[in-house]
Amino acid sequence: MTPDTRVDPPHLGDERDTLRAYLDYHRATLAMKCAGLSDGELRQQSMAPSTLSLLGLVRHLAEVERAWFRRVFDDNEAPMLWSPPGEIDFQAAYDASGSTRSEAFTAWEAEVENSRRVERTAVSLDVTGHQPRWGKGVSLRMVMVHVLLEYARHNGHADLLREGVDGTVGA
């Protein structure tokens with residue numbers, strides 16, 4: 001695996017800086033787990049019956065970023081990236097069988113950059129957006145915590161998937 005170049009979150013800092021840093025740390029963790037692998041290695045699935053792969057995780061987390069930042073704060077009607085038209089199916093993103101690193105990472109990086117823009121331009125963590133699936137308002141704070149927890153959970157899967165590809169131990 002490539003060297004660990006992630007920036008550690010601050011030990012002391014305000015809430016917003018801490019949330020931003022932890023979210024970026026976990027985004028960098030996902031990228032690090034995928035670094036240096038071919039498309040085929042990124043599509044390598046875990047043990048049956050699971051079809052989970054590193055590329056599937058990248059696609060899924062692009063959908064998570066889109067659902068929680070773009071759809072909540074920018075455009076409630078923005079279509080999901082890999083769901084059937086008019087649907088929100090987070091499972092569809094896991095099927096990376098026909099995907100490439102370029103396709104998945106281009107989408108993921110675009111969604112991450114949009115999410116960062118949303119966070120940077122918000123006047124506070126109390127800014128409220130509309131979660132269309134729930135029909136309710138949610139704060140930027142809640143969205144950042146939720147997305148951070150999604151990354152933390154899925155980076156645990158990424159550790160195991162990377163080990164399956166090349167025998168490394170998770171960082």
Peer 1: Mark yes or no for whether Arg59, through its side chain, and Ala107, through its backbone, hold a donor-acceptor pair below 3.5 Å.
Peer 2: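 Not a single qualifying donor-acceptor pair exists.
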
Peer 1: Going from CZ on Arg120 to CZ on Arg20, what distance comes out if it is rounded to the nearest 0.5 angstrom?
Peer 2: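 Here the interatomic distance stands at 8.5 Å.
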
Peer 1: Is there a side-chain contact between Phe69 and Glu111 (heavy atoms, below 4.5 Å)?
Peer 2: no

Peer 1: Does any non-hydrogen side-chain atom of Glu65 lie less than 4.5 Å from one of Asn114?
Peer 2: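 Result no, sub-4.5 Å side-chain heavy-atom pair not found.
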
Peer 1: Answer yes or no: is there a side-chain heavy-atom contact under 4.5 Å between Glu109 and Glu113?
Peer 2: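 Answer no - side chains too far apart.
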
Peer 1: Which pair of non-hydrogen atoms, one from Val147 and one from Trp68, has the smallest distance, and what is that distance?
Peer 2: CG2-CB, 3.7 Å

Peer 1: Supply the atom-to-atom distance Thr29 OG1 to His154 NE2, rounded to the nearest 0.5 angstrom.
Peer 2: 14.0 Å

Peer 1: Evaluate the side chain to side chain contact (heavy atoms under 4.5 Å, CB included) criterion for residues Leu23 and Arg116: first the C-alpha distance (whole Å), next the side-chain angles of each, then the deciding distance (0.1 Å), finally the verdict.
Peer 2: CA-CA 10 Å; Leu23 193 48; Arg116 287 178 175 143; over 6 Å; no

Peer 1: Specify the closest pair of heavy atoms between Ala96 and Gly56, including all atoms of both residues, with the distance to one decimal.
Peer 2: CB-N, 3.7 Å

Peer 1: Are Val123 and Val143 connected into the same hydrophobic cluster when the rule is that any two of I, L, V, M, F, W, Y join if their side-chain heavy atoms are below 4.5 Å apart?
Peer 2: yes

Peer 1: Please find the pair of heavy atoms, one from Leu61 and one from Leu30, that lie closest to each other, and give the distance.
Peer 2: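 The pair with the smallest heavy-atom distance is CD1-CD2, 3.6 Å.
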
Peer 1: How long is the span from the CG atom in Leu57 to the CZ atom in Arg153, to the nearest 0.5 Å?
Peer 2: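 Atom-to-atom, Leu57:CG and Arg153:CZ are 9.5 Å apart.
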
Peer 1: Taking the side chain as every heavy atom from C-beta outward, state whether Asp8 and Tyr25 have any atom pair closer than 4.5 Å.
Peer 2: yes

Peer 1: For residues Ser53 and Gln44, report the shortest heavy-atom separation together with the two atoms involved.
Peer 2: CB-O, 3.4 Å

Peer 1: Any side-chain heavy atom of Arg71 sitting closer than 4.5 Å to one from Ile88?
Peer 2: yes

Peer 1: Does one hydrophobic cluster hold both Leu54 and Leu81, with members joined at side-chain heavy-atom distances below 4.5 Å?
Peer 2: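 Not linked; separate clusters.
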
Peer 1: Roughly how far, to the nearest 0.5 Å, is CD of Glu15 from CZ of Arg141?
Peer 2: 4.0 Å

Peer 1: Determine the minimum heavy-atom distance between Phe105 and Ala31, stating which atoms define it.
Peer 2: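 That would be CE2-CA, 4.5 Å.
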
Peer 1: Taking side chain as C-beta onward, heavy atoms only, is Asp89 less than 4.5 Å from Met80?
Peer 2: no

Peer 1: What's the spacing between Asp95 CG and Leu52 CG if we round to 0.5 Å?
Peer 2: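 One finds 11.5 Å between CG of Asp95 and CG of Leu52.
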
Peer 1: Looking at every non-hydrogen atom in both residues, tell me the closest pair between Arg27 and Ser115 and how far apart they are.
Peer 2: NH2-CB, 3.6 Å

Peer 1: Using the rule that two of Ile, Leu, Val, Met, Phe, Trp, Tyr join whenever any of their side-chain heavy atoms come within less than 4.5 Å, decide whether Val145 and Trp134 are in one cluster.
Peer 2: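 Val145 clusters together with Trp134.
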
Peer 1: Quick check against the 3.5 Å criterion: does Glu63 have a side-chain atom that pairs as donor or acceptor with the backbone of Trp82?
Peer 2: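 The answer is yes, because a donor-acceptor pair under 3.5 Å joins these two groups.
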
Peer 1: Among Leu55, Leu42, Asp39, Thr106, which one satisfies side-chain contact (heavy atoms from CB on, under 4.5 Å) with Thr100?
Peer 2: Asp39

Peer 1: Got a donor-acceptor contact below 3.5 angstrom from the Arg101 side chain to the Cys34 backbone?
Peer 2: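 The answer is yes, because a donor-acceptor pair under 3.5 Å joins these two groups.
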
Peer 1: Okay, side chain of Arg70, backbone of Val118: is any donor-acceptor separation there less than 3.5 Å?
Peer 2: no

Peer 1: About how many Å separate CG of Asp74 and CZ of Arg117, when rounded to the nearest 0.5 Å?
Peer 2: 4.5 Å

